[in-house]
Amino acid sequence: MARRSFPILKQILQKSAENPRPFLCRSVTYMPRPGDGTPRAVTLIPGDGVGPLVTNAVEQVMDAMHAPVYFERYEVHGDMKSVPPEVIKSIQKNKVCLKGGLHTPVGGGVSSLNVQLRKELDLFASLVNCVNLPGLPTRHDNVDIVVIRENTEGEYSGLEHEVVPGVVESLKVITKFCSERIAKYAFEYAYLNNRKKVTAVHKANIMKLADGLFLESCREIAKKYPGIHYNEIIVDNCCMQLVSKPEQFDVMVTPNLYGNLVANTAAGIAGGTGVMPGGNVGADTAVFEQGASAGNVGNQNQVEEKRANPVAVLLSSAMMLRHLQFPSFADRLETAVKHVIAEGKYRTKDLGGDSTTQEVVDAVLAALD
């Protein structure tokens, strides 16, 4: 029997060599419950500047994939005094939002609507995934860092007042509750995503009480996850280590302001803010947007020439699809975007090309399997 089988096996192996995908089939990535395919409503905030350009890219791709989502659009702009109540209600109802950048005026006493939104919805965790994309040259290889940032307190509490003319006091608020909550989220993320290390970023050598409380909370939570390596690093040394040896970092957990600095630094190392996805998540709701600071929000040239980079928001929408438990659609979108980046024919100016937003979108649409 074995002798008769050998020639057949030999023929199969020869055909496999000629066609490397003879038995390729789709893997089971998600076993849905009845009704899980029902289209989900997503609140859409196009935002300011290039925001409408890049969120429109997401709408086109979702439509082309026939993804089971539909958008409830609301016009919100950074010069508004507050986020309209109907927008908050929509996000609370839908539990998911996709957002373009909102311009925050510098000075003048106008508060950031981005911060208002996070506080109102208690989006306590900001997550930015800074990872090398195949085909995109960067100074460092093997970068795959997840920055998890406390999103509701610290210097962003906005508690400032003028004590006397020429003297302003700004309060940094750190609480045990919020510190433990973000630390638990970081370790849970690492555990569920097979990450090996969590690094806490701090300045407890100077701010011994505030950052000391943050570290104390991280250490307590770390004891509950013995399988995950835990270490700590001072924020100024952290920035130096990021630009010299970023591959040493895995998951990073930070207070609010440090997280903003660390995430943007890590994004710059891995290819720029235009390709870094991210989101803000709370117990009940999640808002997905470009991961690192959208410094191009107010870039009028990009708006007029329609050359904004849609990659970050497209990848953020893939994160959103996975959050909604539509993993196959997320996989299709991520694969198409990475194919376009690797191919290198269509790239916007920030990635060394001269393509328009729509040209990049058309390439992604063509790459959808």
Side-chain angles (χ1 to χ4, degrees), residues 48 76-83 88 99 101-128 147-183 185-186 199-218 232-240 242 252-268 273 278 280-282 287 289-295 297-298:
D48 296 317
V76 180
H77 301 286
D79 57 359
M80 294 180 172
K81 291 184 178 180
S82 62
V83 180
I88 299 294
K99 183 174 81 68
L102 292 174
H103 178 65
T104 300
V106 178
V110 180
S111 62
S112 167
L113 293 195
N114 295 303
V115 174
Q116 282 188 31
L117 202 59
R118 295 166 195 162
K119 287 185 175 180
E120 186 74 23
L121 298 169
D122 195 26
L123 303 172
F124 67 87
S126 168
L127 186 149
V128 182
V147 181
I148 295 176
R149 161 192 175 193
E150 204 291 318
N151 222 10
T152 60
E153 57 177 17
E155 292 84 351
Y156 281 65
S157 300
L159 301 175
E160 296 182 315
H161 67 282
E162 190 174 41
V163 182
V164 295
V167 180
V168 173
E169 185 177 51
S170 180
L171 301 179
K172 171 179 177 175
V173 177
I174 297 288
T175 65
K176 188 174 182 64
F177 172 79
C178 288
S179 297
E180 286 186 344
R181 182 169 65 167
I182 195 65
Y185 183 85
T199 301
V201 182
H202 67 96
K203 192 65 178 173
N205 57 325
I206 303 299
M207 292 175 232
K208 299 182 185 296
L209 292 179
D211 284 24
L213 177 58
F214 176 78
L215 278 188
E216 177 187 310
S217 302
C218 289
E232 300 166 355
I233 189 169
I234 296 173
V235 63
D236 40 355
N237 182 36
C238 174
C239 293
M240 188 274 288
L242 271 172
M252 307 177 78
V253 59
T254 78
N256 207 332
L257 178 60
Y258 307 157
N260 192 17
L261 306 177
V262 168
N264 278 272
T265 303
T273 59
N280 306 281
V281 65
V287 175
E289 58 186 328
Q290 179 169 315
S293 177
V297 168

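Not measured: the values here are computed from a predicted model.
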Using the test salt bridge (Lys or Arg N to Asp or Glu O under 4.0 Å), find all partners of [X] that sit at least two apart in sequence or belong to another chain.
X	result
Glu160	none
Glu180	Lys176
Lys203	Asp236

Which heavy-atom pair separates [X] from [Y] by the least distance, and what is that distance?
X	Y	result
Val253	Cys218	CG1-SG, 4.3 Å
Ser179	Ser217	CB-OG, 3.4 Å
His77	Asp48	ND1-OD1, 2.7 Å
Ala210	Ile174	O-CG2, 3.4 Å
Val147	Gly259	CG1-O, 4.0 Å

With side chain to side chain contact (heavy atoms under 4.5 Å, CB included) as the test, would you mind laying out the steps for Glu155 and Ser170 before giving the verdict? CA-CA 8 Å; Glu155 292 84 351; Ser170 180; 5.8 Å; no
What residues form a side chain to side chain donor-acceptor pair (under 3.5 Å) with [X], not counting sequence neighbours?
X	result
Asp122	Arg181
Asp211	Lys172, Tyr258
Thr152	Glu150
Asn280	Asn151, Glu289

Any residue meeting side-chain contact (heavy atoms from CB on, under 4.5 Å) with [X], in chain and number order, not counting sequence neighbours:
X	answer
Leu261	none
Val163	His161, Val167, Glu169
Val281	Ala125, Tyr185, Ala286
Thr175	Glu153, Val173, Phe177, Cys178

Intermediate values then yes/no, side chain to side chain contact (heavy atoms under 4.5 Å, CB included), Ile234 and His202: CA-CA 5 Å; Ile234 296 173; His202 67 96; 3.5 Å; yes
Would you say that Met252 contacts Val262 through its side chain, given a criterion of any heavy-atom pair below 4.5 Å between the two side chains? yes
Among Asn114, Leu113, Leu121, which residue meets the side-chain contact (heavy atoms from CB on, under 4.5 Å) test with Leu117? Leu121
From CA spacing to verdict: side chain to side chain contact (heavy atoms under 4.5 Å, CB included), Leu215, Glu232: CA-CA 8 Å; Leu215 278 188; Glu232 300 166 355; 3.8 Å; yes
Report yes or no: does Arg149 contribute a side-chain atom to a donor-acceptor pair with the main-chain N or O of Asn256 at less than 3.5 Å? yes
